[in-house]
Amino acid sequence: MIAPNNSQKTEDLVLNWLPLVLLLGALALVWSNLFQNGFHFDDFHIIVNNRYVHSLRNIPHFFRDPRAFSSIREYAGWRPLLSATFALDYAKAHEAGPQLFLIDTFVWFIVLLFFVFVLFRIIPGGSRLSALFGTALVGLHPVTADTVNYISQRGAVFAALGIVMGLGGWITWPRLLPRRLDLGAPAVPKKWWDEFRKNLQPKLDAAWRRFIHAPLGFYLIPVLLALLASPGAAAFALILLAYVILLDSGRAPRQVIPAGILCAVLWIAPLAVTWKYGAQARPPLASYWMTQPLVAVRYLLTFLNPGMLTIDSGLQSVTLISGLGGLIGLGAIVALAIFAAKRVEWRPVAFGLWWFLLALIPDALVPQRDLEATPRMFVAMIGLAFALTRAGVIVFERFSGSEKSRLPALIAAAAAGVLLLAGFGWETSQRNAAWETEESIWHDAVDKNPRNGRAVVHYAEALIDTGIGVPASYDMMKQAAVRTPQDASIELTLARTATRLGREDETEAHYKRILAIQPAWASGYALYAEWLLRQLRIPEAIDNANKAIALQPDELDARRTLTDIYLERHDWDKVTQLAGDTLRFYPFDEDGTRAMSVAGIAMDEIKQEESRAASLGRNGYLALSVTYFKNQRYEDCIRAAREALKLDPNTGEAWANIATAYHAMGKLDESVDALKEAVRLSPDLVQAKIHLTAELEEQANRHKDKDGSKQ
């Protein structure tokens, strides 16, 4: 045996360990400015303002009720594992601070990178160096920054992890497992232990063969967990089918059926349950589908040139004619994947392209609120990273065929790879900086697309939050609304901002425009009712809250508005009915529980007074009259006071209670007559005298005004 010389050892060290060290250093440098960033946009209703996330006791509820996913009903989603991780983070942080959430997401991202490396290495034709380069592409790409920074989109990381681990499990089991578990027994046993191992070895071999060849489907476990965090993981079955067809000649496509059943069930079932909640917020199905080919092409171009990444691209729906370019582009990608599959050496590249296309299907089939979103391309991007890596390997091998050309080709490949990764890494660092605050991320979006009305509105709102140029920022919002008409979300932001500025007339105009744009949007009526309540326009608030409930019986904000109104009115029967219905829809709602408790205590107090009134005589009915008045049961107040008068007709206090009830009911003449009786029977009732004098003056003024109007 010839020992390797020093130059060979140095070359092995450089090729095997130096790239890994450089990658780890690059990751540490590029991601060092991640952890000072904050919550953004959807993070607030999914995490910060979502009461369900704030208690670990609600974790079982995430599996039962999709509305627990967000504090906004339209964003309901069945992603129980994702919500559970948010609840765990919140419990550890003791408050909704973003740093721990970011650290948790980043840890899962690092775990994903490890399994990406393993997968890229074990796919046929992979090498340590090519797998490391592909992993670097994923780890340093700016698309990853826009996924990891967006805490509420952690599900995209889980989806990618489940797909990568599932595919790795499929490849590994059982072909890359050891053929046998060798106990190391010698051929000629010398001790009882040797004899025991020798006799056990055949039994162990047989059991091991049965185990590794049994259809246990262990590779589906990470996929199952990923489906509990993101519906995007349902693309696994399609990606696995593409792998079997292109790269796994030892297995038949029908063996993918169990994966297909699992993914279909856990994609369709949650969709069927949650569809009704977000129907009003989704774009029309036809226009959404026509736009998706263009979206796929834009995702590919974004992967190659990520300089225009934003939190909101402002992409608008296309028609069949205007979307023709997208169809042509999508057709070109499909044709390229088909053409690459015709040659064995290019099949891994074809697989990467199909991975990209197939990973987009779950979100492309179901209309999302936004036509495109960077986190939705995260799983697909891994396929592009694999395709680009394997294409680079093929090109390198073509140009390094001879000994003379190998060194120049190696230098050129290394330079190109370093420049590409350095460019991506720099852009990722810049994206991390852009995600620091709401102001910075929306400023970035406006800077890249000033015509994006939604981005302008959110940027202006962020400026107002910081106290910068408040009137000018509001004017900026209104100009954006003109450029982006018929957008209820923009009108809602304008309404809230106008309220903050004290411009209530404009607030109401915005709410009315919301209802004109989306007349069947229950939340629009509920929010309008909430604002009307703050303006003390109670009848209108009741009317709009009831409209919201008629459209959506489980509209929580409308129910809370009505409950607050009836609590203020001490209408305990209606409070009990509303709170009871609310708790049937939302068993853990704290406001409903509190309202039910308050109503129960008040009704118990009334029942106690009613039961004691007869035994206590006149004073009992007087006390019952006061209790009824406190609870705004004015007719009952008068009735109880008259019961006291039956027992003692000379009770001036009873007439005073009757007068007070009539006054509350707006029956001022009856109130005056009752006060006269109270003063006549009990001249020492000072408050009754004061009220009588005031009401007589008011009565005289009313008659004077009436006589003046007749003349």
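Hydrogens, waters and symmetry mates play no part in the numbers below; they use all other heavy atoms, side chains included. This structure is a prediction, so every number in the text was calculated from the model and none was measured.
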| When you measure from the centre of the six-membered ring of Phe86, is the NZ or CZ of Arg154 under 6.0 Å away and within 45° of the axis? | no
| said: Looking only at side-chain N and O atoms, does Asn432 offer a donor or acceptor that is under 3.5 Å from a partner on Asn37? | reply: no
| request: Would you kindly say whether Ser130 and Thr389 are connected by a side-chain donor-acceptor distance under 3.5 Å? | output: no
| Between Trp435 and Asp146, is any side-chain donor less than 3.5 angstrom from a side-chain acceptor? | yes
| query | Within the distance-only criterion (no hydrogens, no angle test), does the side chain of Thr428 pair as donor or acceptor with the backbone N or O of Ala145 below 3.5 angstrom? | reply | no
| Short side-chain donor-acceptor distance under 3.5 Å, Glu372 and Ser313 | yes
| message | Could you tell me if Arg282 sits above the aromatic ring of Trp275, with its cationic atom closer than 6.0 Å to the ring centre and no more than 45 degrees from the axis? | response | yes
| Distance-only side-chain donor-acceptor flag, Gln368 / Arg376, under 3.5 Å | no
| field | Verdict with reasoning, Arg534 to Glu530, per salt bridge (Lys or Arg N to Asp or Glu O under 4.0 Å) | value | CA-CA 7 Å; Arg534 291 198 298 269; Glu530 187 178 337; 3.6 Å; yes
| Between Asn50 (side chain) and Phe69 (backbone), is there a donor-acceptor pair under 3.5 Å? | yes
| message | Angle between ring planes, His45 versus Tyr75, binned at 30° and 60°: parallel, tilted or perpendicular? | response | tilted
| task | For Ser230 and Ala226, indicate whether the former's side chain and the latter's backbone hold a donor-acceptor pair under 3.5 Å. | result | no
| field | Donor-acceptor pair between Asp312 and Thr310 side chains, under 3.5 angstrom | value | no
| query | Strictly by modelled atom types, are Ser523 and Glu555 linked by a side-chain donor-acceptor pair under 3.5 Å? | reply | yes
| message | Assess, by modelled atom type and distance only, whether the side chains of Thr147 and Thr144 contain a donor and an acceptor separated by less than 3.5 Å. | response | no
| query | Taking atom types as modelled, is there a side-chain donor on His40 or Glu438 under 3.5 Å from an acceptor on the other? | reply | yes
| said: Tell me whether His141 contacts the main-chain N or O of Phe303 through its side chain, where contact means a donor paired with an acceptor under 3.5 Å. | reply: yes
